[in-house]
**Student:** 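Below are the structure tokens for one structure; questions will follow.
Computed from a predicted structure; not experimentally measured.
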Amino acid sequence: MIDQLENLKNEFGALERQLADPDLMSNQDRYRQALQRYHELKSVMEAYDEYAAIRSEIDDTTELAEDPELGAIAREELIGLEDRQQHVAERLELLLLPKDPFDEKNVILEVRAAAGGDEASLFAAEISGMYRRYAEQLGLVVETIDSHGTDVGGLSKLSMEIRGSGAYRSFKFESGVHRVQRVPETETQGRIHTSTVTVAVMPEAEGIDVALSPDDYRVDVYRSSGPGGQSVNTTDSAVRITYRAGTADEIVATCQDGKSQHKNKEKALTVLKARLLERERARAAAEARENRLVQIGSGDRSEKIRTYNFPQSRVTDHRIGFTTRNLSDVMGGNLGPITAVLSAAEQSRRLESMARASTGVETAGTGGSA
């Protein structure tokens with residue numbers, strides 16, 4: 001680890017010199033890349049400096065431990081110093097884990113009502129609001145791309161774009177089936193019903209080479225519709241893009257919430273590219289048989305990941321066995337505690353995977369080596 005840190009320290013010093021060079025500002029792309037890398041390394045270097053300072057202090061204190069007068073005090077200090085050194089070393093291990101290249105990307109988030117009829121559509125609307133509030137708490141910008149309401153005030157489907165630094169990092173654990181258990185307002189006998197909503201979270205493909213030719217898709221325009229299918233627009237501003245229609249690769253992306261046909265087409269293409277990127281990521285993970293979330297959930301939208309039990313005010317994340325009885329806080333957008341636990345679990349699994357790889361040991365639970 002020390003050799004790796006020394007190499008990073010040299011890289012950090014070179015970046016500092018580059019960023020101080022006025023000529024670098026003339027190339028904005030290179031400047032942004034250098035600045036981003038600088039910020040990535042800064043926290044690592046701060047922890048490494050702290051680690052080096054503690055090591056130096058341990059060396060000095062070890063010498064004093066042999067002193068007949070100060071030895072007892074020095075040996076007691078050594079215990080505390082070694083404990084601090086261990087904590088910093090563990091922090092450095094986490095900081096040195098390879099970063100998810102998509103963590104800082106914007107997000108395309110899709111919510112669909114699944115099993116449960118009207119109750120599922122109502123929960124789809126509520127969970128969409130939960131995500132919107134969570135994003136706003138994080139200072140992220142949310143824009144609805146496509147929405148389809150129901151006659152009872154719910155949503156059959158919603159697509160939104162979430163923009164800002166770390167958007168994907170904050171939402172990437174939300175993909176899967178979300179189950180709600182509660183008594184519907186229309187239930188006269190007080191029986192608890194179970195409904196489900198599916199969520200898909202995809203990093204936006206901006207700045208990534210996604211193979212997409214105009215020959216691969218068809219663009220249709222139509223009038224946007226509201227609940228019950230009634231027209232809510234007098235112009236053909238809604239856009240439907242069908243990728244490789246009639247084939248096994250077919251993908252349909254729509255956008256009807258904007259008033260401009262041109263902007264709706266741009267947003268629909270953004271969704272299509274995100275889905276294509278996610279498809280390729282899934283294929284690569286399947287081929288490698290090593291997914292970064294293999295132990296806490298694959299992120300597949302067919303996998304049940306969380307249950308919201310309203311009678312007991314309880315939220316349970318099934319991937320890690322995490323439970324909170326602050327359901328109202330969660331629905332209010334306070335997803336931070338759940339995300340933090342999931343992120344910690346992911347880091348722990350990745351550390352275990354790295355440790356196994358370094359010793360040449362693999363277990364069936366990891367699905368083999370990447």
Side-chain angles (χ1 to χ4, degrees), residues 1-54 87-109 134-143 160-174 201-210 212 266-267 269-271 273-274 276-278 280-281 284 292-293 335-336 339-340 342-344 346-347 350-351 354:
M1 182 173 75
I2 297 300
D3 288 343
Q4 182 183 3
L5 286 165
E6 282 297 323
N7 290 335
L8 292 177
K9 186 173 184 178
N10 291 334
E11 181 186 353
F12 187 70
L15 284 168
E16 283 186 314
R17 292 189 293 274
Q18 286 181 34
L19 291 169
D21 184 354
D23 291 340
L24 185 64
M25 292 290 291
S26 62
N27 188 324
Q28 285 298 302
D29 287 339
R30 284 187 57 213
Y31 177 76
R32 279 194 296 269
Q33 290 173 4
L35 189 62
Q36 181 178 343
R37 181 60 174 163
Y38 174 83
H39 286 304
E40 287 175 0
L41 291 179
K42 187 175 181 181
S43 57
V44 179
M45 289 301 101
E46 288 173 346
Y48 185 36
D49 288 343
E50 183 180 354
Y51 182 82
I54 295 172
H87 283 300
V88 177
E90 290 172 358
R91 179 149 53 96
L92 275 168
E93 277 192 319
L94 292 177
L95 289 169
L96 289 173
L97 280 174
K99 299 291 188 295
D100 187 327
F102 299 101
D103 270 356
E104 299 305 312
K105 291 286 185 184
N106 297 335
V107 159
I108 301 297
L109 188 149
Y134 179 45
E136 290 170 351
Q137 288 175 18
L138 296 173
L140 304 173
V141 177
V142 181
E143 182 179 353
M160 65 174 79
E161 181 183 30
I162 303 172
R163 299 192 300 271
S165 178
Y168 184 69
R169 181 176 63 245
S170 300
F171 282 89
K172 64 183 177 181
F173 300 112
E174 295 302 307
V201 179
M202 300 166 288
E204 196 171 292
E206 182 183 15
I208 300 171
D209 186 20
V210 175
L212 183 62
E266 284 185 349
K267 290 297 182 183
L269 280 171
T270 297
V271 173
K273 289 178 181 178
L276 286 170
L277 174 62
E278 188 65 15
E280 289 307 309
R281 276 159 39 88
R292 59 185 164 75
L293 296 179
L335 286 172
T339 302
L342 287 164
S343 181
E346 180 194 34
Q347 290 177 336
R350 291 171 69 190
L351 282 171
M354 287 178 65

**Student:** With ring-ring contact (aromatic ring centres under 6.0 Å, His included) as the rule and sequence neighbours excluded, what pairs involving residues 18-43 come up?
**Tutor:**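 For residues 18-43: F12-Y38.
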**Student:** How long is the span from the CE atom in M202 to the CG atom in L277, to the nearest 0.5 Å?
**Tutor:**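 It is 9.5 Å, given to the nearest 0.5 Å.
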**Student:** How long is the straight-line distance from CG of N106 back to CD of E143, given to the nearest 0.5 Å?
**Tutor:**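 E143 atom CD to N106 atom CG measures 11.0 Å (nearest 0.5 Å).
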**Student:** Determine the minimum heavy-atom distance between A135 and I162, stating which atoms define it.
**Tutor:**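 Reported closest heavy-atom pair: CB-CG2, 4.0 Å.
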**Student:** Is a side-chain donor-acceptor pair under 3.5 Å present for Y48 with E6?
**Tutor:**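 Note: E6 and Y48 side chains meet the donor-acceptor criterion.
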**Student:** Below 4.5 Å, heavy atoms only, C-beta onward: do Q18 and R37 meet side chain to side chain?
**Tutor:**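 No, their side chains stay 4.5 Å or more apart.
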**Student:** Between S165 and L140, which heavy-atom pair has the shortest distance, and what is it?
**Tutor:**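 Minimum heavy-atom contact is O-CD2, 3.8 Å.
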**Student:** What residues form a side-chain hydrogen bond (donor to acceptor under 3.5 Å, both in side chains) with E90, not counting sequence neighbours?
**Tutor:**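 Result, side-chain hydrogen bond (donor to acceptor under 3.5 Å, both in side chains) vs E90: Q86.
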**Student:** So, taking the atom named CE in M45 and the one named CG in L15, what distance separates them when rounded to the nearest 0.5 Å?
**Tutor:**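 Atom-to-atom, M45:CE and L15:CG are 10.5 Å apart.
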**Student:** In Å, rounded to the nearest 0.5 Å, how long is the span from CD of E93 to CZ of R91?
**Tutor:**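 E93 atom CD to R91 atom CZ measures 12.5 Å (nearest 0.5 Å).
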**Student:** Report yes or no: does S343 contribute a side-chain atom to a donor-acceptor pair with the main-chain N or O of T339 at less than 3.5 Å?
**Tutor:**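 Side chain of S343 to backbone of T339: no pair is present.
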**Student:** Working to the nearest 0.5 angstrom, can you tell me the gap between F171 CZ and L109 CG?
**Tutor:**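 So the CZ of F171 and the CG of L109 are separated by 6.5 Å.
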**Student:** Thinking salt bridges, do R281 and E278 make one under a 4.0 Å N-O criterion?
**Tutor:**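 Yes, this pair counts.
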**Student:** Whether the side chain of E104 engages the backbone of G166 through a donor-acceptor N/O pair (distance < 3.5 Å, no angle test) should be reported.
**Tutor:**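 It does hold such a pair.
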**Student:** Y168 and P203: which non-hydrogen atoms are nearest, and at how many Å?
**Tutor:**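 Answer, listing the atom of Y168 first, then P203: CE1-CD, 3.5 Å.
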**Student:** Would you say that L8 contacts L96 through its side chain, given a criterion of any heavy-atom pair below 4.5 Å between the two side chains?
**Tutor:**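 Yes, their side chains come closer than 4.5 Å.
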**Student:** Can you tell if the side chain of D100 reaches within under 4.5 Å of the side chain of R169, non-hydrogen atoms only?
**Tutor:**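 In short, these two side chains do not touch, never coming nearer than 4.5 Å.
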**Student:** If you look at every heavy atom in L97 and Q347, which pair is closest and at what distance?
**Tutor:**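 Residues L97 and Q347, closest heavy atoms: CD1-O, 3.9 Å.
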**Student:** Carefully, step by step, assess D103 and K172 under the rule side chain to side chain contact (heavy atoms under 4.5 Å, CB included).
**Tutor:** CA-CA 8 Å; D103 270 356; K172 64 183 177 181; 2.9 Å; yes
**Student:** Considering non-hydrogen atoms only, spot the tightest contact between L35 and L19 and give its length.
**Tutor:**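 For L35 and L19, the tightest heavy-atom pair comes out as N-CD2, 4.0 Å.
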**Student:** Heavy atoms only: give me the nearest E161-T270 pair and the separation to one decimal.
**Tutor:**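 Minimum heavy-atom contact is OE2-CG2, 4.5 Å.
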**Student:** Roughly how far, to the nearest 0.5 Å, is CG of L269 from CG of L276?
**Tutor:**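 It is 10.0 Å, given to the nearest 0.5 Å.
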**Student:** Going by side chain to side chain contact (heavy atoms under 4.5 Å, CB included), name the residues that satisfy it together with E136, two or more places apart in sequence or in a different chain.
**Tutor:**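 If we apply the side chain to side chain contact (heavy atoms under 4.5 Å, CB included) test to E136, skipping adjacent residues, the hits are R132.
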